[in-house]
Amino acid sequence: ILGHDKELDTSLFQECFTGSEYCLFALNTRDSGSDRQNLSNILYKKIERELKEDKLFQKRLLFLREEVICAVFSLHSFQHNKLHEFLEGLSEQLSYICPDLFCICSRFFQDLKDINVVYAQDVSANLERAFYYQNRKLLILNGQETAADQSAKLKFDFFRYNYHLDNGQF
């Protein structure tokens, strides 16, 4: 997923996945407070428990770089809305444990060989921009970004901000 291997051995996943499409759900525990390791374990166990109770989707839960909890889902195209509903509920439950948590649901993809590209473009890039998505618990990417999502990704213009402060325009 992280792209360290030249070729992903998709047979490992295909043995446990029968769906025609895949999706990633991820959250970063790096900025989750002073007792990050303990909170990471609590979040991981909560997600693991919720995923075990769910019988609609095939999935695998991973812990990447000791800071990103990532679930790989296998599903069929008619299950897109059900997955989004499930992840919205899960994100809401996780926010009770950690109110500042930011989760991402990647776009759907058909080939497991694309998993590292989807992870880099959808998950990793947006986890780094979590600051711009304040007050949002879950970002669902479907390949079509709204204007609000595009503007949220823009870099913060410190010089413009400073100019307005200096001139009392706030």
Side-chain angles (χ1 to χ4, degrees), residues 1-3 13 17 19-33 36 39-51 53-54 56-158 161:
I1 288 179
L2 297 174
F13 284 103
F17 289 156
S20 59
E21 295 187 9
Y22 307 93
C23 182
L24 300 176
F25 170 77
L27 56 105
N28 194 336
T29 63
R30 177 181 54 207
D31 301 323
S32 53
R36 185 181 63 85
L39 185 59
S40 296
N41 290 333
I42 292 169
L43 290 168
Y44 186 89
K45 287 180 177 159
K46 172 66 174 167
I47 295 170
E48 188 176 45
R49 193 169 44 252
E50 292 297 320
L51 294 182
E53 290 177 11
D54 170 67
L56 285 176
F57 312 105
Q58 297 168 325
K59 59 265 179 199
R60 288 290 177 254
L61 187 60
L62 310 165
F63 206 4
L64 307 173
R65 291 191 204 127
E66 298 181 6
E67 62 187 29
V68 176
I69 299 172
C70 183
V72 181
F73 287 87
S74 174
L75 63 153
H76 299 284
S77 59
F78 64 88
Q79 295 177 303
H80 288 187
N81 290 337
K82 288 285 185 196
L83 179 62
H84 287 161
E85 289 172 14
F86 173 75
L87 294 177
E88 285 170 356
L90 179 59
S91 297
E92 185 68 29
Q93 290 178 28
L94 295 174
S95 71
Y96 292 120
I97 299 170
C98 183
D100 297 330
L101 204 59
F102 177 65
C103 304
I104 294 179
C105 174
S106 77
R107 66 184 180 265
F108 297 100
F109 55 101
Q110 286 77 34
D111 192 346
L112 273 173
K113 291 183 180 186
D114 296 332
I115 197 168
N116 62 342
V117 172
V118 172
Y119 179 82
Q121 291 176 352
D122 290 6
V123 175
S124 186
N126 284 298
L127 285 176
E128 295 299 320
R129 298 179 183 120
F131 173 81
Y132 298 106
Y133 296 108
Q134 291 178 8
N135 304 324
R136 236 180 154 167
K137 300 297 177 204
L138 175 65
L139 175 64
I140 297 176
L141 300 170
N142 60 8
Q144 298 174 338
E145 293 180 308
T146 64
D149 291 337
Q150 289 174 347
S151 67
K153 287 184 179 182
L154 297 175
K155 294 261 184 211
F156 180 73
D157 189 348
F158 180 75
Y161 170 78

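This structure is a prediction, so every number in the text was calculated from the model and none was measured.
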Residue list, side chain to side chain contact (heavy atoms under 4.5 Å, CB included) with Glu128, at least two apart or on another chain
Arg30
Going by the rule side chain to side chain contact (heavy atoms under 4.5 Å, CB included), which residues pair with Glu85 if we only count those two or more places apart in sequence or in a different chain?
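Partners of Glu85 under the side chain to side chain contact (heavy atoms under 4.5 Å, CB included) test: Lys82.
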Sub-4.5 Å side-chain heavy-atom contact between [X] and [Y]:
X      : Y      : result
Asp54  : Lys59  : yes
Phe86  : Phe73  : yes
Ile140 : Leu87  : no
Leu83  : Phe25  : no
Asp122 : Leu24  : no
Tyr22  : Asp114 : no
Phe109 : Val117 : no
Ser40  : Glu66  : no

Taking all atoms of both residues into account, what is the closest heavy-atom pair of [X] and [Y], and its distance?
X      : Y      : value
Val123 : Ile104 : O-CD1, 3.6 Å
Gly19  : Ser74  : N-OG, 2.9 Å
Ser106 : Cys23  : O-SG, 3.3 Å

Inter-residue atom distance [X].[atom1] - [Y].[atom2], 0.5 Å rounding:
X      : Y      : atom1 : atom2 : result
Cys98  : Ile42  : SG    : CD1   : 10.0 Å
Ile69  : Asn28  : CD1   : CG    : 9.0 Å
Ser124 : Leu64  : OG    : CG    : 10.0 Å
Ser91  : Arg136 : OG    : CZ    : 11.0 Å
Leu51  : Leu90  : CG    : CG    : 6.5 Å
Leu101 : Leu94  : CG    : CG    : 6.0 Å

Short N-O contact, Lys46 and Glu50, less than 4.0 angstrom:
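Yes.
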Start with the C-alpha gap between Leu39 and Thr29, add the side-chain angles, then the distance that decides, and say whether side-chain contact (heavy atoms from CB on, under 4.5 Å) holds.
CA-CA 8 Å; Leu39 185 59; Thr29 63; over 6 Å; no
Going by side-chain hydrogen bond (donor to acceptor under 3.5 Å, both in side chains), name the residues that satisfy it together with His80, two or more places apart in sequence or in a different chain.
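Scan of His80 (side-chain hydrogen bond (donor to acceptor under 3.5 Å, both in side chains), adjacent residues dropped) gives Glu21.
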Can Leu75 and Phe108 be said to form a side-chain contact (heavy atoms from CB on, under 4.5 Å), step by step?
CA-CA 9 Å; Leu75 63 153; Phe108 297 100; 3.8 Å; yes
Answer yes or no: are there more than 12 heavy-atom neighbours, outside Phe78 itself, under 6.0 Å from its atom CZ?
yes
Looking at Lys137 and Ser95, would you say the former's side chain and the latter's main chain have a donor-acceptor pair under 3.5 Å?
no
